[in-house]
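Notes follow once the structure below has been shown.
Each ligand, and each atom within it, is numbered from 1 in the order the structure gives. These figures come from a predicted structure and were not determined experimentally.
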Amino acid sequence: MWLFCSISLSLFLLVEVVLSATPWSVSPFNPSAVPLAVRSPYLSAWLNQASAGTALNGDWAKFWTGTIVGWAGYVRVDGHPVTQITATQSIFTLTAGGVDITVTFLSPIEPTDLVKQSLPFSYVSVVAAPNDGNSHTVQVYTDISAEWITGNNSLIANWTTDTSNNAIIHQTQLAQQQPYTEISDHIQFDIFVDGSAFHATLSASGTTTSWQTGEDVALRTQFVNNGVLQYTQDTSFRGVSDKWPVFSLAHDLGLVNSASDPVVFAVGHVRDPAVEYLGANGQTQHRSLYFWTKYNSVSDALVDFLKDYPNALQRAKAFDDRLTTDASKISLDYIDVASQVARQAFAATEITVSRNADNSLNTSDVYMFVKEISSSGNVNTVDNIFAALPLYLYANPALGKAALAPLLEYQASGQYPNLWAVHDLGRPYPQALGHNDGQDTQMPIEESGNMLIMTLSYTLRTNDTSLVTRYFSLLDQWAKYLVTNTIAPANQLSTDTFQGTLANQTNLAAKGILGIRAMAEIARIAGDTARASSYNAIGFWHIISMETNCLGQISSQILYSQQNQIGISQSQILLGFHLIAGWEIWGAAMVTANSVRDQLITSVHKYMAGGLSSKPYGDWYDTTNGSAQSFAARPVVGSHFAFLALPNAILSNSTSTTGDGGGSGSIGSSQTSQPMSTAPTSKNEASTIARVSQQLVISLLFTVYVPE
Ligand SMILES: *[C@@H]1O[C@H](CO)[C@@H](O)[C@H](O)[C@H]1NC(C)=O
Ligand SMILES: *[C@@H]1O[C@H](CO)[C@@H](O)[C@H](O)[C@H]1NC(C)=O
Ligand SMILES: *[C@@H]1O[C@H](CO)[C@@H](O)[C@H](O)[C@H]1NC(C)=O
Ligand SMILES: *[C@@H]1O[C@H](CO)[C@@H](O)[C@H](O)[C@H]1NC(C)=O
Ligand SMILES: *[C@@H]1O[C@H](CO)[C@@H](O)[C@H](O)[C@H]1NC(C)=O
Ligand SMILES: *[C@@H]1O[C@H](CO)[C@@H](O)[C@H](O)[C@H]1NC(C)=O
Ligand SMILES: *[C@@H]1O[C@H](CO)[C@@H](O)[C@H](O)[C@H]1NC(C)=O
């Protein structure tokens with residue numbers, strides 16, 4: 001909670017006015033939750049919203065699960081908050097009498113710099129600017145509580161403050177560490193080298209920087225009354241909620257007569273090692289975040305991070321701009337849809353390296369781990385990565401490889417006993433210990449198809465054939481499974497797990513066929529032309545078989561209209577199927593796809609701006625009215641980048657001529673009888689642009705390929 005206090009302009013005479021229920025306006029729209037510090041599965045602080053909106057001073061910051069992560073800020077202003085949300089920044093602007101205050105929460109997205117991307121830190125900066133031509137005195141205060149380090153506030157925390165290095169760095173951790181253990185999705189730290197929450201600032205020249213640790217009420221009163229903290233450490237280590245110890249920092253900007261330099265704070269959450277992974281030969285790896293390849297201590301990394309703020313802000317703006325430019329080629333709504341989910345999707349990931357025998361870090365062994373989040377705590381769930389892949393490919397295709405590599409390597413080691421692809425690498429995060437008993441959540445066709453399609457996507461995107469050549473026999477094994485199991489899929493789960501198992505799911509059949517076609521292409525790339533022809537022919541006959549079964553129904557539904565509303569799951573099937581079935585009608589399909597595409601984007605935009613949820617975006621909601629179901633904060637929203645992951649030539653804003661425009665933009669659902677059953681289209685559908693656009697992307701990947 002950030003409290004904006006009015007102050008009489010005589011020095012240090014604060015009159016506190018807590019602005020509850022302050023009206024505010026948000027650009028582009030009020031999201032379900034505003035990202036504040038959102039960078040890893042455990043550095044995840046949001047300002048949850050509701051339809052009326054919640055201003056920065058209206059509520060505590062919350063972990064994605066909804067529990068409070070205490071984070072207080074005091075700035076001596078009052079007024080009407082305005083917020084702007086970009087892909088990387090949440091910017092709050094307050095006009096308070098004679099001073100404008102801008103508070104910027106920047107969670108960097110640095111996809112091409114693995115050191116920077118893996119730093120689990122986030123910025124908050126404050127700029128004060130007089131707007132009345134007069135000088136004003138401004139002081140800024142922030143603290144964090146120990147709620148950042150545990151899911152159980154009865155546990156004992158301890159803490160230290162380091163003031164060397166021209167910085168003030170507060171560090172707090174649990175007094176009893178529990179390696180690789182979560183409580184209510186908060187990690188309990190695994191301290192082999194270092195592992196803690198951090199709150200830090202540089203001792204900037206020209207301003208007075210003060211600090212203190214101690215009880216929340218006492219420190220905040222100290223600041224409100226005196227404008228400065230006491231440079232003292234509370235060494236009575238105690239429970240997180242026992243007289244709430246907080247770790248505070250304050251800057252006195254003195255008399256401000258023009259826009260101040262930003263006062264910059266960092267919050268962070270570091271573990272080392274970060275992830276436990278079952279490698280070849282049954283050997284457990286303790287993997288470290290990539291940034292350790294450059295830094296020997298968290299302090300050094302934090303100080304560099306703080307000093308880098310001006311550059312980080314420029315890079316963030318460049319990322320925001322690139323995204324805006326690219327997304328505008330699709331539609332204006334799409335800019336919002338893609339921008340709103342970037343931090344959420346990246347915050348589920350961690351980039352790691354393993355250690356060599358001499359304990360040095362192996363910088364060429366880069367694995368990215370992804371936490372499923374909210375639907376389960378699984379590590380690298382294949383269908384989640386499949387959904388998020390468009391974002392990774394858009395941001396930096398190497399991240400796609402880094403996410404696939406641990407799955408491929410684990411299964412190539414022979415420890416997973418099933419012939420199909422594994423669903424995930426284990427649970428709960430951050431323990432990727434595999435499923436050597438073969439008893440994972442089983443989605444054989446779904447995940448085998450996904451792995452083949454993703455491996456090919458990455459390869460086509462980069463021309464890097466290393467995955468194809470290294471894992472050829474594993475990929476071939478999965479394709480063989482698909483050949484014998486695709487036409488009449490057995491009673492299996494698809495990615496929409498909540499729908500339960502179902503036999504003969506059309507979307508599974510489509511996924512299987514695409515997987516087989518992907519293997520044909522993989523074989524061609526690997527130089528195995530005989531196998532390429534064989535898989536190609538099989539894929540072709542599977543398509544004919546599906547066509548015979550259900551193309552009639554599908555073509556009658558391809559028009560998206562209010563009279564004939566198509567639920568997302570059906571659309572997914574339709575699009576995916578229509579495209580794979582109709583190589584010759586590719587052009588027509590694209591026109592249709594654009595029409596459907598634009599309506600889907602509008603619908604998702606409407607959901608995101610709908611004000612019915614007060615937690616980070618969920619991808620499962622009631623498609624008739626936009627009310628959210630239990631999912632939240634999942635990385636699958638990376639799928640919203642689907643249209644940005646397409647080859648440039650396909651990004652053009654072609655005029656749609658098919659479809660009637662739909663009017664309301666709402667996505668309804670209908671149930672029609674089909675020879676092959678679809679996943680049941682209930683009102684509760686996992687529906688992002690995702691489900692449709694993924695299929696579109698997949699299909700587009702095949703445009704390079706002319707079937708024999
Ligand atoms: C929280 O920690 C306290 C103190 O160790 C313990 O008694 C309690 O059972 C824990 N609660 C949960 C939910 O883990
Ligand atoms: C806090 O607890 C950790 C874990 O037991 C321990 O390593 C560290 O030395 C403690 N720090 C302080 C300041 O007591
Ligand atoms: C896309 O094209 C349509 C039709 O020409 C036009 O109305 C729309 O404004 C264009 N969208 C963008 C973002 O350029
Ligand atoms: C580092 O990792 C790469 C990629 O996994 C591997 O090929 C190489 O052998 C590893 N190096 C050492 C010294 O273990
Ligand atoms: C991959 O190779 C193809 C064919 O040589 C080429 O057209 C394409 O530009 C290459 N893509 C990349 C990302 O290097
Ligand atoms: C699935 O399809 C097969 C082949 O058409 C058919 O024999 C079987 O009855 C179907 N199963 C269900 C549950 O519809
Ligand atoms: C949305 O519709 C469902 C029924 O389909 C209903 O249970 C729910 O209460 C509705 N939510 C809102 C906010 O209207």
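For the pair E182 and K371, the salt-bridge criterion is met [side-chain N within less than 4.0 Å of a carboxylate O]. A salt bridge links R287 with D365: the distance from a Lys NZ or Arg NE/NH1/NH2 to an Asp or Glu carboxylate oxygen falls below 4.0 Å.
Summarising the geometry of I168 relative to T161, their closest heavy-atom pair is CG2-CG2, 4.0 Å, with the distance given to 0.1 Å.
Here the straight-line distance linking atom CH2 of W159 with atom CZ of F237 works out to 6.0 Å at 0.5 Å rounding.
Taking only nitrogen or oxygen atoms, main chain and side chain alike, N158 reaches within less than 3.5 Å of ligand 2. Inclusion of S154 in the set of residues having an N or O under 3.5 Å from an N or O of ligand 1 is not warranted. Between F237 and ligand 2, a contact under 3.5 Å exists for no N or O pair.
One N or O on the side chain of Y277 and one on the backbone of P406 form a donor-acceptor pair closer than 3.5 Å.
Residue contact check for ligand 1: L155 places a non-hydrogen atom closer than 4.0 Å to it.
The side-chain tip of K329 does not point at the ring of Y334 from less than 6.0 angstrom away and within 45° of straight on.
Atom CG of N152 is surrounded by more than 12 heavy atoms from other residues, nucleotides or ligands within 6.0 Å.
Taking every heavy atom of L174 and a limit of under 4.0 angstrom, the matching atoms of ligand 2 come to 2 (O), 4 (C).
Sorted by chain then number, the residues whose non-hydrogen atoms approach ligand 5 to under 4.0 Å are R461, N463.
Every residue two or more places apart in sequence or in another chain was checked for a salt bridge (charged side-chain N to carboxylate O under 4.0 Å, His left out) with D320, and none qualifies.
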